[in-house]
Amino acid sequence: MKIGYKLAAEAFGPAELVRQTQRAEAVGFDFVEISDHFHPWLDNQGHSPFAWTVLGAIAERTERIGLATGVTCPTVRYHPAVIAQAAATLALLSEGRFTLGVGSGERLNEHVVGREFPAVRARHAMLREALEIIRLLWRGGYRSYDGRYLSLEDARVFDLPDEPPPIAVAASGPPSARIAAELGDGLFATEDKPEIVRRYAEAGGAGPKYAEVPVAWAPDEHTAAKAAHETTRWALTGWKVMSELPNPVNFAAATTTVTEQDVAQKFACGPDPARYVAAARGFADAGFDHLVMQNAGPDPDGFLDFYASELAGPLRELTPGTPT
C-alpha cells in the first residue's frame, strides 16, 4: 500500500505547501497530491495558488517523494497542449517522480475563462480528446489534431522525458472508469465504491488506483470536526453539486444545513488512530492501493507527527481488496 498526503491548496499559500511537502517527505509519505484550482471551495479557506508553480518548487526542494495533481482539468481553463508541456517539464525536474492526475473538471474553476462549462457527457468526450492530444505530443515531433471539441495545430513539446509521466484519470462512474482504463495509466477517485474499481478493471484497467481518505486530526474530536466543518463541509455535497456550482459563495449557501455531526460521520476526526485505519480500510477493501490522507484538521504539523508515530505502520499493512 502506498500512502500519500493531500496538499490543501485551497487552505494554504504556496510557500507553506512546499514546507508541508518537505515535512511529509521527512516523516515517510510516499507521495503528495495537490488540487489544481483557480478558486477555493469556500472563501474562508482563503487560498488557491497556481499548482504547477508550487509543484516545480517542490520538485527542486525534495529528493524522494512522489508528486501528483489531484486533479487537473485539461479541457477548458487549460488547453491539453499546455498540460502536455507542463507535465513533461515537471517530469524532468522531478526526475520521474510526477504523476499527472486528470479529470473532467468543476465549474468552480473552469468558468473563469468565460467559456461555457458543458454537460457531463460533453465533458467526458472532451477529456478523451485531451488525453489523445497529450499522448500524441508526448510521442515527439510536430503534431496536429482535429477533434469535435479540441484541436491542435503543428505543435511540438521540445523537452520530453525518456518515459512520459503516468496519467491517473478521475472516475466516479462507468463512463469515466472506461476513459481511465482506455486512455490512462491509473485510476483516481474520492469515494470508497468498489464498483468504480470493478468497472475500471472490466474495461481493461490494471494500473495504480488512487483514492482520497477524508480525515481531520486534532487533540480532540470536537476541535477536529469544528475545523473540518468550517473549511471542508463542501465535501458532503456530492459530485453532482461539486462539479456544477460556480463560486465559493454558492458552496457556502449550499452547505448551510451541514452540521459538525454530519462532518464527523464522513471524516475520521480526532486523535484515535483506529478511526483513521478503519476509514482507510474502507478504501483498501474497495480495491484502492494508493491512499491519500486528506487532512481537514487545524494543525498540519500535528497531523504529520501523528502519521509518523501512529498511522504509517498500520496503513501500510492494509491490503487492497478485489471488488466483486
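Here the structure is a predicted model, which is why all the values come from computation and not from measurement.
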Any donor-acceptor N/O pair, [X] side chain to [Y] backbone, under 3.5 Å:
| X | Y | result |
| --- | --- | --- |
| H229 | V258 | yes |
| Y276 | G270 | yes |
| T69 | G101 | yes |
| E33 | A68 | no |
| Q85 | A81 | no |
| K209 | G207 | yes |
| R97 | T62 | yes |
| Y200 | P174 | no |
| D285 | G282 | no |
| H111 | E106 | no |

Test of understanding: with side-chain hydrogen bond (donor to acceptor under 3.5 Å, both in side chains), list the residues that count as partners of [X], not counting sequence neighbours.
| X | answer |
| --- | --- |
| R128 | E182 |
| S35 | E10 |
| D289 | none |
| Q265 | none |

- Test salt bridge (charged side-chain N to carboxylate O under 4.0 Å, His left out) applied to E195 and K193, step by step: CA-CA 5 Å; E195 57 266 34; K193 293 181 176 180; 5.0 Å; no

Nearest heavy-atom pair of [X] and [Y]: which atoms, and what distance?
| X | Y | result |
| --- | --- | --- |
| V277 | P314 | CG2-CB, 3.7 Å |
| A91 | S94 | O-OG, 3.4 Å |
| H37 | S48 | O-OG, 3.2 Å |
| G103 | L127 | O-CD1, 3.8 Å |
| F283 | A211 | CD2-CB, 3.5 Å |
| A296 | F267 | CB-CE2, 3.9 Å |

Joint hydrophobic cluster, [X] plus [Y], side-chain heavy atoms closer than 4.5 Å:
| X | Y | result |
| --- | --- | --- |
| F38 | L17 | yes |
| W138 | L92 | no |
| L160 | F98 | yes |
| V27 | M293 | yes |
| L137 | L93 | no |

- Message: Just to verify, what does A284 make a side chain to side chain contact (heavy atoms under 4.5 Å, CB included) with, not counting sequence neighbours?
- Response: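 Residues passing side chain to side chain contact (heavy atoms under 4.5 Å, CB included) with A284: M1, L318.
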
Contact list for [range], test salt bridge (Lys or Arg N to Asp or Glu O under 4.0 Å), sequence neighbours left out:
| range | answer |
| --- | --- |
| residues 236-245 | R107-E244, R123-E244 |
| residues 51-76 | none |
| residues 297-322 | R19-D301, R23-D301, R23-D305, D30-R316 |
| residues 153-173 | none |

If you define the side chain from C-beta out and look only at heavy atoms, does anything of [X] sit under 4.5 Å from [Y]?
| X | Y | answer |
| --- | --- | --- |
| I58 | L7 | yes |
| Y307 | L315 | yes |
| L108 | L245 | no |
| E129 | M126 | no |

- Query: Between atom CD1 of I83 and atom OH of Y78, what is the distance when rounded to the nearest 0.5 Å?
  - Reply: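 Answer for the CD1-OH pair, I83 versus Y78, is 5.5 Å.
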
- Atom pair OG (S309) and CG (L304), whose distance is rounded to the nearest 0.5 Å: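 The CG atom of L304 is 11.0 Å from OG of S309, to the nearest 0.5 Å.
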
Pairs under 3.5 angstrom only: tabulate donor-acceptor contacts from the side chains of residues 214-228 to other protein residues two or more places apart or in another chain.
unit_1: D220; atom_1: OD1; unit_2: H222; atom_2: N; d: 3.2
unit_1: D220; atom_1: OD1; unit_2: T223; atom_2: N; d: 2.8
unit_1: D220; atom_1: OD1; unit_2: T223; atom_2: OG1; d: 3.0
unit_1: D220; atom_1: OD2; unit_2: T223; atom_2: OG1; d: 2.8
unit_1: E221; atom_1: OE1; unit_2: R275; atom_2: NH1; d: 3.4
unit_1: E221; atom_1: OE2; unit_2: R275; atom_2: NH1; d: 3.2
unit_1: H222; atom_1: ND1; unit_2: E260; atom_2: OE1; d: 3.4
unit_1: K226; atom_1: NZ; unit_2: E230; atom_2: OE2; d: 2.6

- Query: If we ignore angles and hydrogens, is there a donor and acceptor under 3.5 Å between the side chains of Q20 and Y5?
  - Reply: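 Side chains of Q20 and Y5: pair found under 3.5 Å.
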
- Message: Could you list the cluster mates of V292? Members are the ILVMFWY residues connected by side-chain heavy atoms closer than 4.5 Å, either directly or through other members.
- Response: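 Members alongside V292: F31, V71, F188, Y210.
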
- Query: How about F251 and W234: are their ring centroids closer than 6.0 Å?
  - Reply: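 Aromatic pair excluded; centres sit 6.0 Å or further apart.
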
- Check salt bridge (charged side-chain N to carboxylate O under 4.0 Å, His left out) between R77 and all other residues, then give those that pass, not counting sequence neighbours.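 R77 satisfies salt bridge (charged side-chain N to carboxylate O under 4.0 Å, His left out) with D36, E110 once adjacent residues are dropped.
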
